[in-house]
Amino acid sequence: MTSDYDEVTQRYRLQETVGSGGFAKVKLATHILTGEKVAIKIMDKRALGDDLPRVQTEIKAMKELVHQHICTLYEVIETSNKIFMVLEYCPGGELFDYIVAKDRLKEDEARMFFRQIVSAVAYIHHKGYAHRDLKPENLLLDEDQSLKLIDFGLAAKPKGGMKEQLETCCGSPAYAAPELVSGKTYIGSEADIWSMGVLLYALLCGFLPFDDENVAHLYKKIQKGEYEEPRWLTPGSRQLLKQMLQVNPKKRITMKELLKNPWLLQGFDVPIDWESKCEKEQLNADCVTEMAVFNNVSRKEMASKIKKWEYDETTTIYFLLLANKYNGRTLRLPLRT
Ligand SMILES: [NH3+]CCCOc1cc(-c2cn[nH]c2)ccc1C(=O)Nc1ccccc1
């Protein structure tokens, strides 16, 4: 009787559990061949029940969305009872805990993080997706204190493009846009802009703009769109929050305008670089060469194998090599003995 864990334990050394949410648990693991650390999200198909489509949505979205501020999906291993998602290692924990630990962030640090969030969301909108559950719990810090967006289980890619109205009410109430909590049809990208406004407020203030134990009262506050402006907020940040937390989605700042907002440019003076640095279309030649030598095949053969993007061990090794190129570490594949 092969256990569900046979395949994954052949290639990964499973370590401690670092998170267990509703229908998934996350264990740390080491990729045996390269020694690199990864996180493995483990789901039981029986326990998933009606949530199985949500996992399929997440896997499909993460395969399409490869970006420096999105947690990379390396591999998917499916057995008779389990789904294993091998994911990028993010040891810095959740942005939520980071804010709580610091009470609130100084403006420069809030801006540095928020630029990374805008970069990730501008990229997913460009790819025709809306995240629909943007909140500090879904932003993890990697070992270089860079933000990585996770949890695409509610992401939507409307067939008719980003202008198509969406119905499903989803995400966490405190971050949900007024048009969403009013049960109206809404544009995913416009709702994401509102959620990012709530996120920016949380970064700068350390508490939420709209909060109430009673969900009905919370919805009322969101629909009213009135919030406190603590005295420490600078005019620039007040102005930006006002443009993002516009109750009328048609009056809300657009992503295009957000990318060149003066408050976001302050101190950086370069527009937010939202393009992906690791597009799948353009393979990194060094990584291909390294893998070709390791597998004792031609580079041409290796490149076409990688381009199948089967999200198996080949995909994992390619992404792990690529990540090491970016953060300057040299990962060498052990020559096959
Ligand atoms: N509070 C975070 C628990 C879940 O941790 C992860 C979740 C995902 C994830 C979940 N969905 N999509 C990606 C990806 C990576 C991690 C992770 O590496 N966590 C970690 C690493 C070292 C110490 C502590 C925590």
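No experiment lies behind these values; they were computed from the predicted model shown. Numbering of ligands and ligand atoms starts at 1, following listing order. Just so you know, these numbers use all the heavy atoms, side chains as well, and skip hydrogens, waters and symmetry mates. Position 1 is the first residue of the sequence; numbering continues from there.
Ring-centre distance between Tyr186 and Trp194: not below the 6.0 Å cut-off. Side-chain rings of Tyr201 and Tyr227 approach one another, their centers coming within less than 6.0 Å. Taking the six-membered ring for Trp and the full ring otherwise, Tyr98 and Phe113 have centroids separated by under 6.0 Å.
Using a 4.0 Å heavy-atom criterion, the residues that approach ligand 1 are Val18, Val26, Leu28, Ala39, Lys41, Cys71, Leu87, Glu88, Tyr89, Cys90, Pro91, Glu94, Leu140, Ile150.
Under 4.0 Å is where a charged nitrogen must lie from a carboxylate oxygen, and between Lys25 and Asp44 no such pair does.
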Phe84 vs Tyr5, ring-ring contact (aromatic ring centres under 6.0 Å, His included): CA-CA, chis, key distance, verdict
CA-CA 9 Å; Phe84 300 88; Tyr5 283 76; 5.3 Å; yes
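In terms of heavy-atom proximity, Cys71 sits nearest to Leu87 at SG-CB, 4.2 Å.
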